[in-house]
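Before any comments, here is the structure.
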Amino acid sequence: MSDSENQEAGAADSPAEGFAGILAERREKLDRLRAAGVDPFPHSFPQREEIASVLDAHQGLEAGAETDSVHRIAGRIAGRRGHGKAAFIDLRDATGQIQIHAKADVLGDQYGLLEDLDLGDFIGIEGRAIVTRRGQLSIEATTWQVLTKALRPPPDKFHGLEDTETRYRRRELDLIANEDSREVFRVRARTVSEVRRWLDDHGFFEVETPVLQPLYGGALARPFVTHHNALDRQLYLRIATELYLKRCVVGGIDKVYELGKDFRNEGISMKHNPEFTMLEWYEAYADYNDTAAGLEDLVSGVAARVLGKAEIERYGQTISLAAPWHRVTLRDAILEHSGIDIDELTDRDALSNALGNEDETAGWGKLVDTVFSKSVEPKLVEPTFILDYPEELSPFAKQHRDKPGKVERWEAFIGGVEIANSFTELNDPDEQRRRFEQQAAEIDRGDEEAQPFDESFIEALEQGMPPTGGVGLGIDRLVMMLTGAASLREVVLFPAMRD
RNA sequence: GCCCCCUUAGCUCAGUUGGUUAGAGCUGCAGGCUUUUAACCUGUGAGUCCUGGGUUCGAAUCCCAGAGGGGGCACCA
């Protein structure tokens, strides 16, 4: 990846070769601009119009039409076609792309400036809107200026940038070269914005809780560990916002949410990045039935606003996101897809035998989770809530009101991917203490993902938390669904990579 | 952590059974062209064939090891 730029002082007659030569050419043009009194990095370009608004203003004009409408626009040179004493330039800003027609007889002395421009440079231009005889809306430049000289070349103008590694490591090149990629991140931005709008419209209160935590909690995962020098103590990057948000509910913030990064020290895959964006919201006086209705409404509503319709395409099929989604209990889902009844096989060894499992350390809950992940999850393409999980996998969920050993919890799946998780929250402090003790036993048995005991959280529950429903929604995964992306890396600007 | 696949010019890609000096298009450079849009035409430059070993008279090509990337397994949201 290292392009060492070897400059030979004053060696104008022995040009550098290869990529170094390309860089040297650009620097020579930079020098020529400066020698001609041009500032290649001016401070601003005021009163410019966005290209999209120029395009909108002149839709439907006939080929050959001319207007008196003068526009001032700026952008990056995306393409260039020279014709001797005239040239066409494709200029692009964040809103769109438009053609510039530059003619020597109109620009006069300024026409020569074209010589020192390259693909990738930023320029500002002013001129009137015309339509070429091929019907292409264009700006006939009357004046222009360099706004930034690009010292490195852009990727291939036609093929774009295909190399996956470069696309992720140098996302700026991907964004320059690939419209599809730009669109993915526009959808992501709109999604986040519409999710916030939904929460705000429903009266939720946005908060920010600590990322650096003395004790991690709220999920079963391995944390990143760091150190605070002044306090000389170990801190963890949060794996969830759950426990702090519940303390907000205890404090009287009945409807609360946080949208931000969580960090989990686990493997990287098409569905996992070590840092990822999570939304958690909590609503007092609600249970997991209410939160399920909330998620259906949020996801279908956000999709309708972002995509214009509450449906997505995936695996060659159209998937409706409209409510109501399928609702199946975990037990029924596993029974249907694997023939195993977890309500019958309540003994760890019996279930292990039925599954042909060889992992001696896996407990009953773990086995249930494994068979579910393998035989059920990939089949949950249409939006589906899986309901009522075993207690041992859910240390913060309240016992089911009429199913012993189960908790009131659902996970929501779309396209075979889990996008959200929710419980009727456990608010009995003594029961919470018992669950922590259960988790402590798991830690002693060597489970690195078990939940550490959090005394201050117990104290908060002792203060009294009203009945509450809570949801965690994976924003990256939601964006995957809305964009059709096959991999999480396609919707994360700078995914985790090796050094 | 384990298994499989990939890595050739700045970009996108060819490269035959192991055979001379590794090619094309775009980009770059020089020139031509006042309505093109992957503009076109002429000329031209550009390589650590991922890295390090090995086999061979000879390696981009075969073998071994490593790196990076992709996919799968395992784990997780």
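Computed from heavy atoms alone, side chains included, the values below leave out hydrogens, waters and symmetry copies. Here is the naming used below: chain letters follow the sequence lines, and residue numbers restart at 1 for every chain.
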**Asked** Should the ring pair F457(A) and F436(A) be called parallel, tilted or perpendicular, given that the plane angle runs from 0 to 90° and is split at 30 and 60?
**Response** perpendicular
**Asked** Separation of N178(A) atom CG from C11(B) atom C1', in whole Å?
**Response** 11 Å
**Item:** Spacing of the P atoms in A60(B) and G54(B) (rounded, Å)
**Value:** 15 Å
**Request:** Assert yes or no for the condition that the ring centre distance of W281(A) to W198(A) is strictly below 6.0 Å.
**Result:** yes
**Message:** Under a 3.5 Å cut-off for both contacts, is C13(B) paired Watson-Crick or G-U wobble with anything, and if yes, with which nucleotide?
**Reply:** G23(B)
**Request:** Hunt down the Watson-Crick or G-U wobble partner of G66(B), both distances under 3.5 Å, from any strand shown, or write none.
**Result:** C50(B)
**Message:** If you assign S373(A) and S487(A) each to the RNA chain B nucleotide with the nearest heavy atom, which residue ends up on the more 5' nucleotide?
**Reply:** S487(A)
**Prompt:** What is the base-pairing partner of C29(B), counting Watson-Crick and G-U wobble geometry with both distances under 3.5 Å?
**Reply:** G43(B)
**Request:** Give one of base, sugar-phosphate or nothing for L220(A), where a contact means two heavy atoms less than 4.0 Å apart.
**Result:** sugar-phosphate
**Request:** Apply the side chain to side chain contact (heavy atoms under 4.5 Å, CB included) test between E411(A) and each candidate in T384(A), I419(A), N421(A); give the one that qualifies.
**Result:** N421(A)
**Fill in**
Rounded to whole Å, the CG-P distance (L161(A) to A38(B)) equals 20 Å
**Prompt:** How far, in whole Å, is G66(B) from A59(B) if one measures between their P atoms?
**Reply:** 24 Å
**Residue M270(A), side-chain atoms from C-beta onward, closest of G72(B), A38(B), G69(B)** = G72(B)
**Request:** Measure the CH2-CD distance between W144(A) and Q110(A) for me, rounded to the nearest 0.5 Å.
**Result:** 8.0 Å
**Message:** Under 4.0 Å, heavy atoms only, any strand: does R498(A) hit a base, just the sugar-phosphate, or nothing?
**Reply:** sugar-phosphate
**Item:** Donor-acceptor pair between T67(A) and H58(A) side chains, under 3.5 angstrom
**Value:** no
**Asked** Any chance the side chains of R489(A) and N273(A) put a donor and an acceptor closer than 3.5 Å?
**Response** no
**Qualifying residue, where the test is side chain to side chain contact (heavy atoms under 4.5 Å, CB included) with T277(A) and the options are D476(A), V479(A), V492(A), V192(A)** = D476(A)
**Prompt:** Rounding to the closest angstrom, what is the interatomic distance between C4(B) and U56(B) at atom P?
**Reply:** 27 Å
**Asked** L151(A) CG to G10(B) C1': how many Å, rounded?
**Response** 14 Å
**Prompt:** Rounded to the nearest Å, what distance is computed from the CG atom of residue D174(A) to the P atom of nucleotide G69(B)?
**Reply:** 16 Å
**Message:** Taking G28(B) as the reference, what is the distance to C11(B) when you measure between their C1' atoms (whole Å, please)?
**Reply:** 12 Å
**C1' spacing across the pair A22(B) / C13(B), given as an integer number of angstrom** = 14 Å
**Asked** What interatomic distance, in whole Å, is found between P of C40(B) and the corresponding atom of C3(B)?
**Response** 49 Å
**Message:** Rounding to an integer number of angstrom, what distance separates C57(B) and C64(B) when you compare their C1' atoms?
**Reply:** 22 Å
**Request:** Would you classify M278(A) as touching base, sugar-phosphate or nothing, given that sugar-phosphate means primed atoms plus P, OP1 and OP2, and contacts are heavy atoms under 4.0 Å?
**Result:** nothing
**Asked** Taking the C1' atom of each, how far is A65(B) from G25(B), in whole Å?
**Response** 36 Å
**Request:** Quickly work out the R170(A) CZ to G10(B) C1' distance and round it to whole Å.
**Result:** 11 Å
**Nucleotide paired to U34(B) in any strand shown, Watson-Crick or G-U, under 3.5 Å** = none
**Asked** Is the distance between the ring centroids of Y389(A) and Y288(A) under 6.0 Å?
**Response** no
**Request:** Specify the separation, in whole Å, of atom CZ of R264(A) and atom P of C75(B).
**Result:** 17 Å
**Prompt:** Taking OP1 and OP2 of A77(B), is either one under 4.0 Å from a side-chain nitrogen or oxygen of R222(A)?
**Reply:** no
**Complete:** Separation of C75(B) atom C1' from D369(A) atom CG, nearest Å, is 10 Å
**Prompt:** To the nearest angstrom, how far is I98(A) atom CD1 from U37(B) atom P?
**Reply:** 18 Å
**Request:** Verify whether one side chain among T241(A) and E258(A) offers a donor that lies under 3.5 Å from an acceptor in the other.
**Result:** no
**Prompt:** With a 4.0 Å cut-off on heavy atoms, is Y168(A) in touch with a base, just the backbone sugar-phosphate, or nothing at all?
**Reply:** sugar-phosphate
**Fill in**
Pairing partner of A59(B), by Watson-Crick or G-U wobble and under 3.5 Å for both distances, is none
**Prompt:** How is N265(A) classified with respect to the nucleic acid when contacts are heavy atoms under 4.0 Å: base, sugar-phosphate, or nothing?
**Reply:** nothing
**Request:** For each nucleotide in nucleotides 26-36 of chain B, reading 5' to 3', give B when a protein heavy atom comes within less than 4.0 Å of its base, S when such contact involves only the sugar-phosphate, and - otherwise.
**Result:** BSSS---BBBB
